[in-house]
Every structure is written in structure tokens, then in C-alpha cells.
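Letters A, B, ... are given to chains in the order of the sequence lines, protein chains preceding strands, and every chain is numbered from 1.
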There are 2 protein chains.
Amino acid sequence: MKSCPVASLVKRTYHHGDLRNALVSEALKLLEEQGAAEFTLRDLASRVGVSHAAPYSHFEDKTALLAAVAVEGFHKLGAYLEQAVQENSDPTEQYVRMGEAYVRFGTENPALYNLMFTGKELPEQRDKFPELNEAGSAAFGMLTGMLGRMQQSGFLREGNLDGFGFAVWALVHGLVSLIITGRVECAGDCVDGEIGTTEEAVRASLLGMLHGLKNPLTA
Amino acid sequence: MKSCPVASLVKRTYHHGDLRNALVSEALKLLEEQGAAEFTLRDLASRVGVSHAAPYSHFEDKTALLAAVAVEGFHKLGAYLEQAVQENSDPTEQYVRMGEAYVRFGTENPALYNLMFTGKELPEQRDKFPELNEAGSAAFGMLTGMLGRMQQSGFLREGNLDGFGFAVWALVHGLVSLIITGRVECAGDCVDGEIGTTEEAVRASLLGMLHGLKNPLTA
DNA sequence: ACCTGAACACCGTTCAAGT
DNA sequence: ACCTGAACACCGTTCAAGT
């Protein structure tokens, strides 16, 4: 009985079944602190206070650990989108807010976002990690759900919702990707102009997709 | 005179000043064959027939080598876009073709594309490699140039060309990124629908940005 | 100037051994 | 069942030494 006397009263659930969660939550911090390139399994293990081989008791390999982190990321993304839906009743307003929320998630968690999408081996892990597909599908479902309400309200033209969803997803995903890799200032510098702040550029892009870039007087 | 008797007649320009180019061109092949995750400097060196330390005579480190490869990638992307412009005179047609050409470049060179954009340390290298900025700016310039012609022809609404360019860039970049990470089938599976082939989804997205997703009868 | 070979630090992964 | 410590293969990078 002398082992871990206050274990259940204090935190130290480590070594008692919580190592897996401790690794994932610490990985989330470490990822944003150091960046994905410097993220190392050995560093993670030492920061959580275990040997560098300990993670292998809970994950098959490094990519499996990262897949679990990505799942967490999709839940987090879902929370961002959910909030945008809740806070706005007007469908068109929901469209802009959801887009902005999506971009905000990406810019506030760049390393996590890159892991979730530009994950090199993640596509392979997706079959092994059904949660990874489910979490991603849930986020996409919130997007098409919002578009469906816009369509029913008569604000959206007729057409396949999945097609619309894919286009919007590609747009916001592209916005995040360009922003977090620092291509925004580049786009401004490239020619001569100023595209204003990043937020303005995002909003303008979202409205561009909604209203179209073409001259409305044109057929 | 007994050193390299037929050097100038046969290929073997290696060891005679061509190592740098040999490394870059071999890296382009190796990148698509093995994928970025498995791309190793030692493997590259051995495939080109030199010791694993030889590349350091021409590049400061691995990322500097990759930056040179990325520059090559931007030139290649420029060639794709240039062709789309040349082959079409109608501005609106150029818009769709350029977008499709951009996506085709990405899907045909996924590892190279990822290196060019989701490059982790590339942003830092961009200051050290002015070519990297120039090559990227040239591609963006072709995009805004095309949009400018559309605007002058009256097909595009009034507005900041850089802003339009950024929105279109984000869209095609997002399309490429989602496609090469295998998210397209996912989007189709997620809900219930079929968004058709990838090519159709790309075209629909491009036209969506041009004409807008909103109901044209709506204010 | 350009390349080689050995060496160093570091990482992912495995495994016998501990508790 | 979960964790440790040592070990292995591999990689990026450095450097003295060769040509």
C-alpha cells in the first residue's frame, strides 16, 4: 500500500493509465512551440517525464501518435465552426463567420493545422484510424449543413451541396495554407498593390466566392 | 593529360562543375519517387555517385538544396500557366484553363508542390534565396495579368486585382492541396453525394468563384 | 576548388529485463 | 500491463585529409 499514497488525490495519474492522454495533450503544446519539423518523440517523452521508449506502449509508432493529435485537432476545429453557427442566425452571416472561424483556427494553430492536412503519412493512417475520418467528416458536414440552410433560404443557387462544399472548403483551406506559410505579404508585394490586412483579404475572398468575381452585367 | 581523356566528349561532367545541377535534377526525380518524408540527402548523393558529404560543397545544408529544387518547381509551374495563356485567346477561357493547368501541375508533381508551399523552413530560406521570391512572384503575376485582361474586357467586376488574385490563388491552391492529400473522395463520402470526377469538381469550383454561389435573383 | 572518409550528435524503433 | 535501459540502424552535419 506504500505505492503512490496520494495518487488518487493529486494529479499524478501518469504511470497509472493516463500516459496516453498526457502524451497527446503535451504533443499539442510542443507542436506549436517547436514546429512540426523539430517535433521529436524523444523530446515529448522527456517533457512528460517518461523514458523515450514509453510512448510505444500506447502508440504503434510516431505517425500513430500524430494521428491521435490530428483527431484532437479536428475536434477543436469543429468547436470553432460550431460557435460560428450558434452565434449567427442569418444563413449568409453564418457563411462568412464560419469561413472566418475556419481561417482563425488555422492561423491560431498553424503547426496543428499543417499536421491535420499536409500530413505526409496521415492518408495511410486514415484507414487505420477511423476517428480521423469521422472527425474530418463531421467538420465537412457542418459546412454543407450550413450551405443547405442557405440554399433553403433561397440565398444559394441550386446545385449539388457537396460540390459547393468542396469549393468553399478548398477556398478556406487555401487561405489558411497561404497565410500560415507567409504567402500573403508576398501576394501583396508581388505586383504593386496592397490587399489590406489579412482579415480583409479573407473576407473579400469569401464574399468573392459568394457573389462571384465576374461583372454582374455580363451574361 | 591522362585525367579524364574523354570527359568532354562523353557525359561525365560530374566532378567537373556540374554536380550542383546533377543534384537538383536528381532530387526532382527522387522526390516524386520516394516522397518528401523518405527523401534523404545521403540517398540522393549515392544515386548521383558521390559521397554523402559532397553536396555540402554546393549547398549550405539540406534546406538550401530543397530551396533550389523549389525554384525549379516554380519555373515548371510557370511553364504550365504560360501554356494555358498561349493556347487560349478568350479571357474567360484563359481563366478556367489557367486554373486547371495550376491544379494539373500540382496533381502531377505532388511531392514537389508540397515542397514549394508547405515547406517548413522555406519561408526562412526565402530571404536567403531571392530566386525563390522572384519565381513565385512571376507565377502570381501571370495570374493577376490574366485577371487584368478579363477586367479590361469587361468580364470581371471592378476591384483590386491583387485581391482577386489572392482569392483565386487560394482557391486553386486549396484544390491542389485537398486533392493530393486524398481529401476529395473523403468530401464525397462524408455526406451522401457524388461530386463526380476530380476534374469536374475543379472546374465547378473555378466557375463557382467566377459566377458566385449565391442565387442570382438575390440582392 | 571540389570531393572523400571518419566521426559526432541525434532520432525512431526494438527488445530483453524489470515492476 | 506498463515502463526502463541498452542497443541498432539511419540521418544531417562537420572536418581533417586528399586530389
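- Between the CE atom of B:M98 and the CD atom of B:E93 there is a distance of 13.5 Å, given to the nearest 0.5 Å.
- A distance of 9.5 Å separates OG of B:S177 from CG of A:L178, quoted to the nearest 0.5 Å.
- Atom-to-atom, CZ of B:R20 to C1' of C:dA1 comes out at 15 Å; the value is rounded to the nearest Å.
- Summarising the geometry, the separation between CD on A:E38 and P on C:dG12 is reported as 12 Å, rounded to the nearest angstrom.
- Counting heavy-atom neighbours within 6.0 Å of B:E32 CD, excluding the residue itself, gives a total above 12.
- Between B:T40 and D:dG12 there is a side-chain polar atom (N or O) within less than 4.0 angstrom of OP1 or OP2.
- Between A:F166 and A:H173, the ring center distance fails the sub-6.0 Å criterion.
- Rounded to whole Å, atom C1' of D:dC3 lies 15 Å from atom CG of A:D18.
- Taking all atoms of both residues into account, the shortest heavy-atom contact from B:M209 to A:L171 is CE-CD1, 3.8 Å.
- Salt-bridge formation is not detected for the pair A:K29/A:E33: no Lys NZ or Arg NE/NH1/NH2 atom is positioned less than 4.0 Å from an Asp or Glu carboxylate oxygen.
- Toward the 5' end of DNA chain D, the nearer of the two residues A:A54 and B:D43, judged by each one's closest nucleotide, is A:A54.
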Between the protein and nucleotides 13-19 of chain D, list every N/O to N/O distance that falls short of 3.5 Å.
| from | atom 1 | to | atom 2 | distance (Å) |
| --- | --- | --- | --- | --- |
| D:dT13 | OP2 | B:Y56 | OH | 2.7 |
| D:dT13 | OP2 | B:K62 | N | 3.0 |
| D:dT13 | O5' | B:Y56 | OH | 3.1 |
| D:dT13 | O4 | B:H52 | NE2 | 3.4 |

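- Base contact: B:S51 has a heavy atom under 4.0 Å from a base atom.
- Under a 4.0 Å N-O distance rule, the pair B:E200/B:R203 does not qualify as a salt bridge.
- Note: A:F117 and A:W169 have perpendicular aromatic rings, judged against thresholds of 30 and 60 degrees for the angle between ring planes.
- To the nearest 0.5 Å, the span separating CZ on A:R104 from CD1 on A:I179 amounts to 12.0 Å.
- Distance CG (A:N21) to C1' (D:dC2): 15 Å, rounded to an integer number of Å.
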> Would you write out the dot-bracket form of DNA chain D, 5' to 3', with Watson-Crick and G-U pairs under 3.5 Å, [ ] for crossing pairs, | for pairs to other strands and . for unpaired bases?
Replying inline: ||.|||||...|||||.||
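- The CG-P distance, from B:L65 to D:dG12, rounds to 10 Å in whole Å.
- The phosphate of C:dC3 has OP1 or OP2 within less than 4.0 Å of a side-chain N or O from B:H58.
- Here the C1' atom of nucleotide C:dC10 and the CZ atom of A:F39 are 16 Å apart, to the nearest Å.
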